[in-house]
Number of protein chains: 2
Amino acid sequence: MNTGSPHHEAVRLIQAGGASATAARVQVLRLLLAAHTTASHQTLMQAAMDEARPLDKVTLYRVLDWLVAQGLAHSVTGQDRVRRFSAVPIQHGHAHFECDACGRLFCLADHLGAQPRTPPGFEARQLDVTVHGRCADCTHAGA
Amino acid sequence: MNTGSPHHEAVRLIQAGGASATAARVQVLRLLLAAHTTASHQTLMQAAMDEARPLDKVTLYRVLDWLVAQGLAHSVTGQDRVRRFSAVPIQHGHAHFECDACGRLFCLADHLGAQPRTPPGFEARQLDVTVHGRCADCTHAGA
DNA sequence: GCATGAATGCAACCGAGTTGCACCCGTGCC
DNA sequence: GGCACGGGTGCAACTCGGTTGCATTCATGC
């Protein structure tokens, strides 16, 4: 198979779960795979527009939710209250980096540290670590 | 001084910065101090209503922003995209616990683990750790 | 070809948060 | 006492991310 093509890679990933690879799903997943950082709903809308295949915003929300439910993407909510999505497969417990200057969110490869102790009775299930600061671009631009 | 009275404690904290302790500021800070968990904007609106001293929502937003700017409160944005506020003084690097069942956010006393490694060029400034799971109330209710 | 269900598109809606502006009220000055 | 001034407050309208309801389209199995 042609794993070199982002399009076919997206189709392959979607069909791997036995689901039908509809145009919208393939397009969104392809855009997510192509994005180097996480992508917001708005970014994806714009990207779809740019390639002359505009997506309905509701369809986009539904496709994104579906991708997250399928484990093909994951979402992070930034400080600006905007959800951002990434096609990185869920490595449970990977950290994020949020740039305070440009607002972009990056997935970090590094694993997490120890989980903080929770009060008695509290049942911890997942750890969510976000590093705030400046991304390489903004550090460079500001220096 | 009467540190036993939440009201006077709030007045003292506000005036410590040389600012005027207006009714709205004292009321909001008092409500925050009285809350055992973090409080959302809506919670505070309701609490103010309950004590027959309703607050304008804009005033509340402005007072909260002011309190955060003064370092008298801090805000956390949950997965539900709602900001929650706490009067706990900023101990840089304290973690939060977000209950997936009831949505409440708690401040954890425990310190954070090691900061994940960031890619080259990235400048880390602050670490934000949130544990997801079920709070004591929800664990108890669900069992 | 046709029934069926999932996926899509459109419009209207919701809720958190913001902005603009008028008003109030305490303070300093004459 | 009257008045200008400025910070704080209240109201209304707005923005924006996201959701819901519903009709339509499309793929799929029979």
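Reckoned from all heavy atoms, side chains included, excluding hydrogens, waters and symmetry mates. In what follows, chains carry the letters A, B, and so on, assigned in the order in which the sequence lines appear, proteins first and then strands, with residues in each chain numbered from 1. Please read these numbers as outputs of a predicted model, since none were measured by experiment.
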Task: Interatomic distance, Asp56(A) CG vs dC10(C) P [rounded to whole Å] - done: 6 Å

Open item on the list: Is it the case that over 12 heavy atoms from other parts of the model lie below 6.0 angstrom from the CD atom of Gln15(B)?
Closed with: yes

Task: Phosphate-side-chain proximity, Arg25(B) and dG8(D), N/O vs OP1/OP2 below 4.0 Å - done: yes

Task: Asp80(A) CG - dA16(C) C1' separation (whole Å) - done: 13 Å

Open item on the list: Of the options dT18(C), dG18(D), dT20(D), whose atoms approach the side-chain atoms of Val58(A) most closely?
Closed with: dT20(D)

Task: Phe85(A) vs Ser20(A), nearer the 5' end of DNA chain D by closest nucleotide - done: Phe85(A)

Task: Residue Ala24(A), side-chain heavy atoms: nucleotide from dT8(C), dA16(C), dT18(C) that is nearest - done: dT8(C)

Task: Salt-bridge criterion met for Arg83(A) and Asp65(A) (N-O under 4.0 Å) - done: yes

TODO: Record whether the side chain of Lys57(A) comes under 3.5 Å of the base of dG9(C) through a donor-acceptor pair of N or O atoms.
DONE: no

TODO: To the nearest Å, give me how far apart CZ (Arg81(B)) and P (dG18(D)) are.
DONE: 5 Å

Open item on the list: Tell me whether the side-chain N/O atoms of Thr59(B) come closer than 4.0 Å to OP1 or OP2 in dG10(D).
Closed with: yes

- [ ] Look at the side-chain N and O atoms of Tyr61(A) and state whether any lies under 4.0 Å from the OP1 or OP2 oxygen of dT19(D).
- [x] no

- [ ] Grab the CG-C1' distance between Leu64(B) and dA16(C) for me, whole Å please.
- [x] 13 Å

TODO: Please report, rounded to the nearest Å, how far the P atom of dA6(C) is from the CD1 atom of Ile14(A).
DONE: 18 Å

Open item on the list: So, OP1 or OP2 of dT18(C): does either fall under 4.0 Å of a side-chain N or O from Arg83(B)?
Closed with: yes

TODO: Answer yes or no: does a side-chain N or O of Gln42(A) lie under 4.0 Å from OP1 or OP2 of dG17(D)?
DONE: yes

TODO: Decide whether His132(B) and His96(B) meet the rule of one side-chain donor and one side-chain acceptor closer than 3.5 Å.
DONE: no

TODO: Write down the distance between CG (Leu55(A)) and P (dA7(C)), rounded to a whole number of angstrom.
DONE: 15 Å

Task: Distance, rounded to the nearest Å, where Arg62(B) contributes CZ and dA16(C) contributes C1' - done: 16 Å

TODO: Indicate, with yes or no, if Val11(B) and Leu31(B) share a hydrophobic cluster defined by side-chain heavy-atom contacts under 4.5 Å among Ile, Leu, Val, Met, Phe, Trp and Tyr.
DONE: yes

- [ ] Report the nucleotide, chosen from dC11(D), dT19(D), dG17(D), that has the shortest atom-to-atom distance to any side-chain atom of Val82(A).
- [x] dG17(D)

Task: Whole angstrom value for the distance that separates P of dG17(D) from CZ of Arg84(A) - done: 10 Å

Open item on the list: So that I can tick it off, tell me whether Asp100(A) and Arg104(A) are bridged by a salt bridge, with the cut-off set at under 4.0 angstrom between side-chain N and carboxylate O.
Closed with: no

Open item on the list: Taking 4.0 Å as the cut-off, does a side-chain nitrogen or oxygen of Thr22(B) come that near to OP1 or OP2 on dT9(D)?
Closed with: yes

